[in-house]
Amino acid sequence: MNLVSHHAHYQPDFTTRAYTTPYIIDTAADAALSGIRMHWPVLKSSPHNVQLVDDYKNAITLGSKDVNAKYVVDPDLPLSNLGVSLVWPGKSESTNDEDDASSSFMKTSVVRGMPFGTMTFSKGILPSLYSFNAPASKPDIDNGAAKLECGTLEMAKDDDEPGAHVIVDGTAATVQRELKLHFVNSDFTWMVVFSRPVEVECGVADVFDINIADFQVNVKSVVWGDDRDEDDVLEVRMALIDRCTTGQSNIQEHCLERNAFKDGEEYAALLSNSTQYSPTSPKIDIEYPDDDMTATMVSFDWIPAVNKSKIDDKDDEQKDLLMFALPHHLEKLQKDPTVKITDHCVPTFHGKTCLVIGKKWNLPHDTSHSQSFRAPRPPSASMIPTLAKALNKDIQYRLSDNLHRGAADTYFSGKILARTARTILIATELKQLAQGLPAAKELGYEDEESDLEASVRAAETARLPSDETVEKSLDMLK
């Protein structure tokens, strides 16, 4: 929801973001551009918290100066539980009439697990890339076919666009398909893939220290071909292919991750060969079990939009899509013959996250057992005295008057209500254990009876809240 918050209406900033995993995507484009920024965070932890950390100057902006800063949810695509599609209307050449600008646009789909950032540009809208970091080497064109010679990046003199840049004395070059960018400071190497040949130029700020120079690439023109259709578009995809190219990253955790990576070159080749597919509005289908089934099947249909300009007649248009899968997805996909789990995995907030090849994921969930708020095992006998001590304190908690009136913060109010409900559930479970083995068996535990007997004995001797105290806590929630 952050991507479509009120900030998006007047000036997107770092809060208009989404954690797509593994990337963080925001719409706080730099250098007077409109578009997206792609961040690659690292996982850091302490005894008290786990968090994702990134340096915003290591991000890269993909966008254009030819569109408005304000964007809307794309009305031409259905809404999805797995992502959102955004559209920036083109700037009107002569008026503020929205209809005048509606024929030109820039679009993107921000989707969970996407391995690329993808932007679509209509006619008249030219892409730009911007980084706070300068290139560590000359940008590589089409896997070594040529090197891009950069000019000087200067601040524009136009007062109407504060922060905009211009490139002076840049040497234009044609990129047939692919551009690789390796940066100082971050030590990141990004792959940028164009769906059509483009003419580009680049500029680096002329400052005394390369480590504080910024960098920009502008597409000057698009080679459309003789059979161009009015609806033809240019698609630009961008992916991080090396997080620590030379071992000199300013965030050394990136190097630790990279050293643990299986095969960086194979990973880059896999991404490069899969750029003709991108998810736009993935669909979730749920098939509930009938009398002969014991599992509910949850399916992610990524519905890739095939970029026809990158597919020859001999190519198979049914090639599969690449997406990152979370650990619980990987577990469910192990037995799905329609997908292939690769060895290309990265650590994320949720755990080991791997690239999966497949347009549709089928994720079975066992629903043969009734749902319960309790675990399938009794609490450990050794922990019951500690639980009882905490329970006697927490059961006394009372909701504030503001919360009762609905005048409190909704986020933390929900956490407080959930905590109170869990306290009551724990009290109810321990009190039933304390009633003896027959009553404990009614709780439906799956563990060995010997473990249950030990827990029952511990509960019988623990000092637990009275029935009246538990009832009073429950009444507070009504």
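The model shown is predicted, which means the values in this text are computed figures rather than measured ones.
Across all non-hydrogen atoms, the minimal contact from F116 to R237 is CD2-CB, 4.0 Å. Between F324 and H344 the shortest heavy-atom distance is CE2-O, 4.4 Å. Smallest separation of non-hydrogen atoms from P289 and T296: CD-OG1, 3.1 Å. In terms of heavy atoms, K220 sits closest to A172 at CD-CB, 4.2 Å. Taking each heavy atom of S34 and M106 in turn, the nearest pair found is O-CE, 3.2 Å. When every heavy atom of V200 is checked against every heavy atom of V217, the shortest pair comes out as CB-CG1, 4.2 Å.
Between the side chains of T152 and D206, no donor N or O sits under 3.5 Å from an acceptor N or O. At a cut-off of 3.5 Å, with distance as the only test, no side-chain donor of E199 or T174 sits close to an acceptor on the other residue. Residues N250 and N185 bring no donor and acceptor atom of their side chains to less than 3.5 Å of each other. Between the side chains of D26 and T16, no donor-acceptor pair of N or O atoms lies under 3.5 Å.
For the pair Y288 and M297, the minimum side-chain heavy-atom distance is 4.5 Å or more. Side-chain contact between I357 and L322: present, with at least one pair of heavy atoms (C-beta onward) separated by less than 4.5 Å. Side-chain contact between T120 and T108: absent, with no pair of heavy atoms (C-beta onward) separated by less than 4.5 Å. Contact of the I210 side chain with the V204 side chain is registered, since non-hydrogen atoms from C-beta on lie closer than 4.5 Å. Annotation: side chain of V110 is in contact with side chain of T20 (closest heavy-atom distance under 4.5 Å). Residues M323 and P115 have side chains in contact (heavy-atom distance under 4.5 Å, counting atoms from C-beta outward). Counting heavy atoms from C-beta outward, W302 and V111 have side chains that approach closer than 4.5 Å. At a threshold of 4.5 Å between non-hydrogen side-chain atoms, the residues L330 and T353 do not count as touching.
Under a cut-off of 6.0 angstrom, the local environment of CG in D169 is sparse, with at most 12 non-hydrogen atoms contributed by other residues, nucleotides or ligands. In this structure, L79 places its CG atom where only 12 or fewer heavy-atom neighbours from other residues, nucleotides or ligands lie under 6.0 Å away. Around atom CG of D409, more than 12 heavy atoms belonging to other residues, nucleotides or ligands sit under 6.0 Å away. At most 12 non-hydrogen atoms from other residues, nucleotides or ligands lie less than 6.0 angstrom from NZ of K340.
For the pair K91 (side chain) and K65 (backbone), a donor-acceptor distance under 3.5 Å is present. A donor-acceptor pair under 3.5 Å is formed between the side chain of K332 and the backbone N or O of P364. Remark: side-chain polar atoms of S64 are paired, donor with acceptor, to backbone N or O of L126 under 3.5 angstrom. At distances below 3.5 Å, not a single donor-acceptor pair connects side-chain atoms of T189 with backbone N or O atoms of H182. Formation of a donor-acceptor pair under 3.5 Å by the D187 side chain with backbone atoms of T245 is found in this model. Checked by atom type and distance alone, the side chain of R37 pairs as donor or acceptor with a backbone atom of A28 at under 3.5 Å. Although no hydrogens or angles enter the test, the distance criterion places no donor-acceptor pair under 3.5 Å between the side chain of S131 and the main chain of I60. The closest donor-acceptor contact from the side chain of S249 to the backbone of Q252 lies at 3.5 Å or more, if one exists at all. D336 places no side-chain N or O within 3.5 Å of a backbone atom of L363 that could act as its donor or acceptor partner. Side-chain atoms of D242 never come within 3.5 Å of backbone atoms of F188 as a donor-acceptor pair (strictly under, hydrogens ignored).
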Start with the C-alpha gap between S85 and S109, add the side-chain angles, then the distance that decides, and say whether side chain to side chain donor-acceptor pair (under 3.5 Å) holds. CA-CA 4 Å; S85 296; S109 292; 2.7 Å; yes
T15/R17 under side-chain contact (heavy atoms from CB on, under 4.5 Å): CA gap, chis, key distance, verdict: CA-CA 5 Å; T15 65; R17 59 168 43 195; 5.8 Å; no
Could you walk me through whether E154 and H165 pass side chain to side chain donor-acceptor pair (under 3.5 Å), step by step? CA-CA 6 Å; E154 298 181 356; H165 293 83; over 6 Å; no
Stepwise side chain to side chain donor-acceptor pair (under 3.5 Å) test for Y71 and T27: CA-CA 9 Å; Y71 58 85; T27 52; 3.1 Å; yes
For the pair S80 and S281, evaluate side chain to side chain donor-acceptor pair (under 3.5 Å) and give the outcome as yes or no after the intermediate values. CA-CA 5 Å; S80 170; S281 299; 6.0 Å; no
Walk me through it: do I25 and M114 pass the test side-chain contact (heavy atoms from CB on, under 4.5 Å)? CA-CA 11 Å; I25 306 295; M114 63 185 195; 3.5 Å; yes
Residues D55, I251; criterion side-chain contact (heavy atoms from CB on, under 4.5 Å); working and verdict: CA-CA 8 Å; D55 183 345; I251 299 180; 4.1 Å; yes
Could you please spell out the steps behind the side-chain contact (heavy atoms from CB on, under 4.5 Å) verdict for H39 and Y23? CA-CA 6 Å; H39 309 257; Y23 293 103; over 6 Å; no
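With respect to E178 and K180, a salt bridge is recorded, a charged nitrogen being found less than 4.0 Å from a carboxylate O. Classification of D142 and R177 as a salt-bridged pair fails, no side-chain N sitting under 4.0 Å from a carboxylate O. K123 and D232 are not joined by a salt bridge, as no carboxylate oxygen comes within less than 4.0 angstrom of a charged side-chain nitrogen. A salt bridge does not link D301 to K359: none of the charged side-chain nitrogens sits closer than 4.0 Å to a carboxylate oxygen.
The stretch residues 118-155 participates, sequence neighbours left out, in these disulfide bond (SG atoms under 2.5 Å apart) pairs: C150-C202.
Taken from CG in L62 to CE in M238, the straight-line distance is 4.5 Å, to the nearest 0.5 Å. Here the NZ-OG1 distance, from K360 to T338, works out to 8.5 Å after rounding to the nearest 0.5 Å. Taken to the nearest 0.5 Å, the OG atom of S272 stands 8.5 Å off from the CD1 atom of I241. Summarising the geometry, atom CG belonging to D66 is positioned 8.5 Å from atom OG belonging to S104; distances are rounded to the nearest 0.5 Å. Between L52 atom CG and T348 atom OG1 the span is 8.0 Å, to the nearest 0.5 Å. Atom OG of S128 is separated from atom CG of L33 by 5.0 Å, given to the nearest 0.5 angstrom.
Aromatic ring orientation, H329 versus F300: perpendicular (interplanar angle above 60°, classes split at 30° and 60°).
Annotation: cation-pi pair K107/F105 present, NZ/CZ under 6.0 Å from the ring centroid and within 45° of its normal.
Checked options F132, F215, Y130; the residue passing with F183 is F215 (criterion: ring pair (Phe, Tyr, Trp, His ring centres under 6.0 Å)).
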